[in-house]
Amino acid sequence: MKLKKIELETVCGITSTLPDNRLVELAFIGRSNVGKSSLINTMLNRKSLARTSSQPGKTQTINYYNINDSFYLVDLPGYGYAKVSKELKEKWKKMTMKYFNTSKALRVVFQLIDIRHDPTENDVAMYNDLLDSGFCPIIIATKADKIKKSGIVRATEVIEKKLDAVEGTPVIPFSAVTGDGRDEIWEYIEEYVEEYKDEVFQRTDDNDII
Ligand SMILES: Nc1nc2c(ncn2[C@@H]2O[C@H](COP(=O)(O)OP(=O)(O)OP(=O)(O)O)[C@@H](O)[C@H]2O)c(=O)[nH]1
Ligand SMILES: [Mg+2]
């Protein structure tokens, strides 16, 4: 896809109101530090558009990136381990779930799982929450540069099994360092953007997060 416009259009914190977007939204969720913001940068060929950090808990807001006035890529705060208070983590979780449950324009959720480790309890819980909210997440196995190439297929199989993923769910190995997996993720994005391009998104209920 030719990237003509990339703009961080809306930033929502725990006291904000969710935007009433008319373009389809595709969101990235995963535990803190799994590589959500790095993935967005890699997809958009930008080094530091989305702020990243080796400290878990960097992204604290819902960040909507308008791409070509055609769709949004949405970066979210992580769940699980982060160097912030339990209360704040709970607020992020509440905000994220509210987003999943009320956004009228969100159609696709990518859930990121670290390829080096089995999915955590929080990963499994989030996967099931997403299914309950009506999404069938595409799985991205991040940091693929950190394991041997020969172990990648097996690692994706373990993730699929531990999540008890819906049959046919893609598990895409990805590395923000090498760019592996980028093209495959773009193929999914383009397919979905095409699918939803004529849909009219309308919001009827209140948009307040809390
Ligand atoms: N080796 C390697 N490191 C990565 C990769 N992706 C992200 N990282 C590193 O992992 C750390 C966390 O990356 P972020 O993109 O900030 O992770 P995040 O999921 O957005 O984290 P929060 O915003 O805290 O939820 C940073 O130090 C990144 O440089 C990858 O594919 N390979
Ligand atoms: Mg982040």
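Each ligand, and each atom within it, is numbered from 1 in the order the structure gives.
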Scan the side chains in residues 185-194 for donor-acceptor partners under 3.5 Å anywhere in the protein, sequence neighbours excluded, and list what turns up.
unit_1, atom_1, unit_2, atom_2, d
Trp186, NE1, Met43, O, 3.0
Glu190, OE2, Met1, N, 3.0
Glu194, OE2, Lys197, NZ, 3.1

### Presence of salt bridge, Asp69 and Lys5, under 4.0 angstrom
yes
### Query
Would one find an N, O or S atom of Thr59, in either backbone or side chain, under 2.8 Å from the Mg ion (ligand 2)?
yes
### Summary
In terms of heavy-atom contacts, Ile29 and Pro77 come closest through CD1-O, 3.8 Å
### Query
Mind checking what residues have non-hydrogen atoms under 4.0 angstrom from ligand 1?
Arg31, Ser32, Asn33, Val34, Gly35, Lys36, Ser37, Ser38, Thr52, Ser53, Ser54, Pro56, Gly57, Lys58, Thr59, Gly78, Lys143, Asp145, Lys146, Ser175, Ala176, Val177
#### Entry: Salt-bridge contact Glu195-Arg107 (side-chain N to carboxylate O under 4.0 Å)
no
### Query
Could Asp129 and Lys93 be called an ion pair, given the rule that one side-chain N must be under 4.0 Å from one carboxylate O?
yes
### Query
For the hydrophobic clusters of this structure (ILVMFWY residues joined by side-chain heavy atoms under 4.5 Å, transitively), does one cluster hold both Leu26 and Ile172?
yes
### Task
Indicate whether the side chain of Asp75 and that of Ser37 have a donor and an acceptor atom separated by less than 3.5 Å.
yes
### Message
When you measure from the Mg ion (ligand 2) to the N, O or S atoms of Ser37, does any of those distances fall below 2.8 Å?
### Response
yes
